[in-house]
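Reading through the structure tokens given below for one structure.
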Amino acid sequence: MRITRISAYRVELPLREGSYKWSGGKTVTVFDSTVVRVDTDAGLTGWGEVCPLGPFYLPAYATGVRAGIAELGPHLLGENPLELAKLNGRMDAALKGHAYVKSGIDMACWDLLGKATGQPVCVLLGGRYGDDFGLYRAISQESPGEMAAKVAGYRAEGYRRFQLKVGGDPDVDVDRIRAVAAELKPGDRLVADANTGWRMHDALRVVRAVRDVDVYIEQPCPTYEECLTVRRHTDHPFVLDEVIDSVDVLLRGHADRAMDVVNIKISKFGGLTKARQARDLCASLGVAMTLEDSWGGDVVTAAIAHLAHSCPPDVLFTATDFNSYVTVSFAAGAPRRVNGRLAAPTAPGLGVTPRPDVLGDPVVVVG
Ligand code: MG
């Protein structure tokens, strides 16, 4: 099988709640997502998706996905999409870095591998564990009272993991954590995600002020070294996210005992091939994981579902159903949250079929 054409479509994904806010006053109201289509000489088509969390979260931006595909695509025409390690080597040789650009293409090739073999991607990624897996709900940054008021509604939707967006004024953040923690019921878990928003001295004040609260602390500061300093001064379970983008940093973090949980985002690693490598390494090391992406719609949510459903449950901390946060559905067969839980589709490949009427015309065509 050979790749004959790579196309990219632009899809706008407005947020159901109007906006999503996190540290440093960063906010998004409409996500700009790129749906990637890979066509082959066998008549099979694979689908992927990349959706950065705005241009100010990771070194990734929406128009960069499309520009990168136009740059990289010509190097992949004629390649076999089913030979995924080889294809990733080809992508890395043709375009240095820019992992997120490669993510949608790699995802689409996993979809093709599944369709060619008649297997859902989760089986190819290791196997389906159980019927489904638990999801978390991000609580957009608002006043402590407004954030606490959202917990009951989200729990009524079935969520039992809550990720609180902090990383603002540290004194207000202490109030946010305490206000939300007061709403928890037995079995709930709370994560305070600062998204790099604190300086070390602020982070140290916050973790000391909430020492009696059962809360995980996620990515308090911008750099690995700053986070490690905070980690060494707290006994809260500790999550690293933004700095975790390669196997190298996972090995370093494990050697330093820098974290208990890591957040593996598919596009941050460059696709399912490398996210699976990171996932399986963490599983071997006993490091628990949140498996997700920076953002996305139906195709990203399906890819997350396959990656998470094939993760051993004892190391799967949680995952995300981004397509329930946005108002636009663009693919048939996309997994849908049921009582706070998600299951990977059972159809071959990713199991999702984008609808041409929602995608419109491609904005990039290579081949
Ligand atoms: Mg995070």
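Order of listing sets the numbers, starting from 1, for every ligand and every atom in it.
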Open item on the list: For E225 and R252: C-alpha separation, side-chain torsions, deciding distance, then whether salt bridge (Lys or Arg N to Asp or Glu O under 4.0 Å) applies.
Closed with: CA-CA 11 Å; E225 291 77 11; R252 183 181 177 200; 3.0 Å; yes
TODO: Sort and list the pairs that fulfil side chain to side chain donor-acceptor pair (under 3.5 Å) and have at least one residue in residues 114-130, not counting sequence neighbours.
DONE: D111-K115
- [ ] Check salt bridge (charged side-chain N to carboxylate O under 4.0 Å, His left out) between K102 and all other residues, then give those that pass, not counting sequence neighbours.
- [x] D92
Open item on the list: If we count only N and O atoms by modelled type, under 3.5 Å, do the side chains of N195 and E242 hold a donor and an acceptor together?
Closed with: yes
- [ ] Work out how many protein N, O or S atoms lie closer to the Mg ion (ligand 1) than 2.8 Å.
- [x] 3
Open item on the list: Per the side chain to side chain donor-acceptor pair (under 3.5 Å) rule, what does the pair list look like for residues 355-367, sequence neighbours excluded?
Closed with: none
Task: R16 and T327 side chains, donor-acceptor separation under 3.5 Å - done: no
